Amino acid sequence: MNTSNAKILRGRLLSFNAQPKGADDVSAYTYEEDGALLISEGRISASGDYSNVRKQAPQGCQEIDHRPHLIVPGFIDPHLHFPQVQVIASWADQLLDWLNDYTFPAEQKFADKDHGDRIAKSFYDTLLSHGTTTAAAYCSSHPNSVDAYFEEAERRNMLMLGGKTMMDRGAPPALCDTAQSSYDDSKALLEKWHGRGRAHYVITPRFAITSTPAQLEAAGSLAKSYPDCHVQTHLNENHNEIAYTLELYPDAEDYLGVYETYGLLGNKTLLGHCIHMKERELGLMAESGSVAVFCPTSNLFLGSGLFDKARLEASGVRTAVATDIGGGTSYSMLRTLDEGYKVLQLQRQRLHPLETIYWATLGNARALSLESRIGTLETGTDADVIVLNASATPEMAIRHETVKSLSEELFLLQTLGDDRAITQTYVAGQPMKASGN
Ligand code: GUN
Ligand code: ZN
């Protein structure tokens with residue numbers, strides 16, 4: 001073992017091994033009151049009770065004491081838009097106006113590589129300060145933007161997923177590619193980036209409205225040739241979007257039927273939003289293993305509707321939870337969980353705090369089929385971990401005085417927490433938050 005970069009993180013460890021079935025489901029997680037991780041070569045080489053982990057550490061190993069804070073796996077954000085860093089907080093009507101008025105103009109700036117490079121630095125600084133160690137993002141339609149995105153991730157050694165947005169209609173000409181150029185560019189980017197370091201390429205047709213049938217066919221053909229790559233797109237977010245999609249694809253049985261026709265469904269397919277779902281679509285999602293990605297702050301901000309988690313899960317659909325920056329309004333997965341909780345409350349679906357923290361860690365890792373690497377503190381996995389402080393602000397600290405259980409602490413973190421509650425973010429064992437301790 002290389003002792004020079006081995007380190008011990010000491011603190012209260014929390015890691016899930018299953019989706020908690022309720023408030024009392026202690027079998028879904030492991031918790032160590034005086035726990036530790038031994039980190040070596042970017043991986044977790046021991047995990048558990050501090051005294052046991054200490055015994056396995058090499059002589060002179062650095063030790064960082066994060067007590068009394070919680071150490072959990074880094075948050076995973078499985079749906080957001082890298083070129084929308086300057087779109088967040090734009091006063092707009094609903095989805096289609098928001099896209100035309102703010103989003104498409106902002107994305108055009110990514111033709112310039114320098115712009116992409118500058119935004120990438122800010123994007124990753126922000127993710128890391130909010131405790132997000134892995135994300136799946138849409139880049140712009142410019143290949144440059146994908147290079148900017150993965151180059152900066154590589155500098156930080158982050159496990160990131162992303163891809164060039166394919167869009168050949170329904171947007172300003174400066175953003176549109178063609179079916180052929182989107183195929184060629186995506187293929188070249190995929191071959192350049194997928195599997196290089198920690199990069200994962202995602203085949204990214206934006207949504208049915210901005211793709212001709214020829215382009216969706218090209219995307220499907222890429223998905224077939226590269227089954228190891230994810231596919232990401234949007235589905236059933238907004239009523240006007242759905243109506244227009246069915247006008248453009250009159251032969252489709254329903255919205256999901258469009259993606260079905262072009263071979264875009266499967267257990268690596270991430271479908272953002274999935275709010276207004278037909279019964280047939282639920283069955284098809286479940287059968288194909290495609291993932292429904294809940295984006296609560298975006299769904300509220302754009303007035304899109306309420307994600308029906310219970311209905312989706314009762315139908316056997318896999319789910320994930322994400323920020324959807326810049327339709328979403330916070331980079332924080334804690335803020336996202338809080339808003340998600342409220343969206344489900346409105347439908348009398350009361351999420352338990354164990355389940356929300358599971359969702360943002362192991363749940364999202366499973367949705368991305370990456371649970372053997374991230375979303376857990378198990379030995380042998382990547383050392384992407386965060387340190388959470390439930391007394392980070394005066395109002396959290398005073399409320400924390402009355403907290404009596406782990407669940408209550410998690411609920412406090414979710415309800416009042418944001419980037420200030422992230423004491424430190426470790427990526428492959430390296431501390432990435434300048435102010436962390
Ligand atoms: N549908 C197509 N593109 C987008 C986007 O950028 N954001 C959201 N929220 N929905 C979309
Ligand atoms: Zn989106």
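All of these numbers come straight from a predicted model, not from anything done at the bench. Every number for a ligand or one of its atoms is a count from 1 in the order of the listing.
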**Asked** Among protein heavy atoms, which sits nearest to atom 3 (N) of ligand 1, and what does the distance come to when rounded to 0.1 Å?
**Response** R206 NE, 2.8 Å
**Item:** Check: W98 N/O within less than 3.5 Å of ligand 1 N/O
**Value:** no
**Prompt:** Taking atom types as modelled, is there a side-chain donor on S181 or T178 under 3.5 Å from an acceptor on the other?
**Reply:** yes
**Fill in**
Result for side-chain hydrogen bond (donor to acceptor under 3.5 Å, both in side chains) between D125 and one of R156, K433, H130 points to R156
**Message:** Show me which atoms of ligand 1 lie under 4.0 Å from any heavy atom of D324.
**Reply:** 8 (C), 9 (N)
**Asked** Can we say E355 and K309 salt-bridge, meaning some charged N sits less than 4.0 Å from an Asp/Glu carboxylate O?
**Response** yes
**Request:** Please could you name the atoms of ligand 1 that L95 approaches to less than 4.0 Å, counting only its heavy atoms?
**Result:** 8 (C), 10 (N), 11 (C)
**Request:** Measure T210 to ligand 1 on non-hydrogen atoms and call it side chain, backbone, both or neither using the 4.0 Å cut-off.
**Result:** neither
**Request:** Consider only side-chain N and O atoms of T212 and D168, and report whether a donor and an acceptor are under 3.5 Å apart.
**Result:** yes
**Request:** In plain terms, say whether R198 and D384 are close enough for a salt bridge, that is, a side-chain N and a carboxylate O under 4.0 Å apart.
**Result:** yes
**Request:** Please identify which atoms of ligand 1 are closer than 4.0 Å to at least one heavy atom of L99.
**Result:** 3 (N), 4 (C), 5 (C), 6 (O)
**Asked** Step by step, would you call R373 with R43 a side chain to side chain contact (heavy atoms under 4.5 Å, CB included)?
**Response** CA-CA 9 Å; R373 297 256 48 85; R43 301 250 166 104; 3.1 Å; yes
**Item:** Test side-chain hydrogen bond (donor to acceptor under 3.5 Å, both in side chains) applied to Y255 and E237, E241, H234, E281, the passing residue
**Value:** E241
**Request:** Test salt bridge (charged side-chain N to carboxylate O under 4.0 Å, His left out) on R118 and D114 and set out the steps.
**Result:** CA-CA 6 Å; R118 188 172 82 85; D114 290 345; over 6 Å; no
**Carboxylate-amine/guanidinium contact E279 R311, below 4.0 Å** = yes
**Request:** Flag yes if more than 12 heavy atoms outside D24 fall under 6.0 Å of its CG atom; otherwise flag no.
**Result:** no
**Prompt:** Is it true that E241 lies under 4.0 Å from ligand 1, counting heavy atoms only?
**Reply:** no
**Message:** Below 4.0 Å, non-hydrogen atoms only: which portion of I209 touches ligand 1? Side chain, backbone, both or neither.
**Reply:** neither
**Asked** Which protein N, O or S atoms does the Zn ion (ligand 2) have within a distance shorter than 2.8 Å?
**Response** H79 NE2, H81 NE2, H234 NE2, D324 OD1
**Item:** Numbered atoms and elements of ligand 1 in range of H81, under 4.0 angstrom, heavy atoms
**Value:** 5 (C), 6 (O), 7 (N)
**Item:** Identity and separation of the nearest protein heavy atom to atom 10 (N) of ligand 1
**Value:** E237 OE1, 2.7 Å
**Item:** Polar side chain donor-acceptor pair, S145 to S140, under 3.5 angstrom
**Value:** yes
**Request:** Before signing off on this row, confirm whether T103 and ligand 1 have an N or O atom pair separated by under 3.5 Å.
**Result:** no
**Request:** Give the atoms of ligand 1, by number and element, whose distance to some non-hydrogen atom of F207 is under 4.0 Å.
**Result:** 1 (N), 2 (C)
**Asked** With a 4.0 Å cut-off, would you call R206 and E107 a salt bridge?
**Response** yes
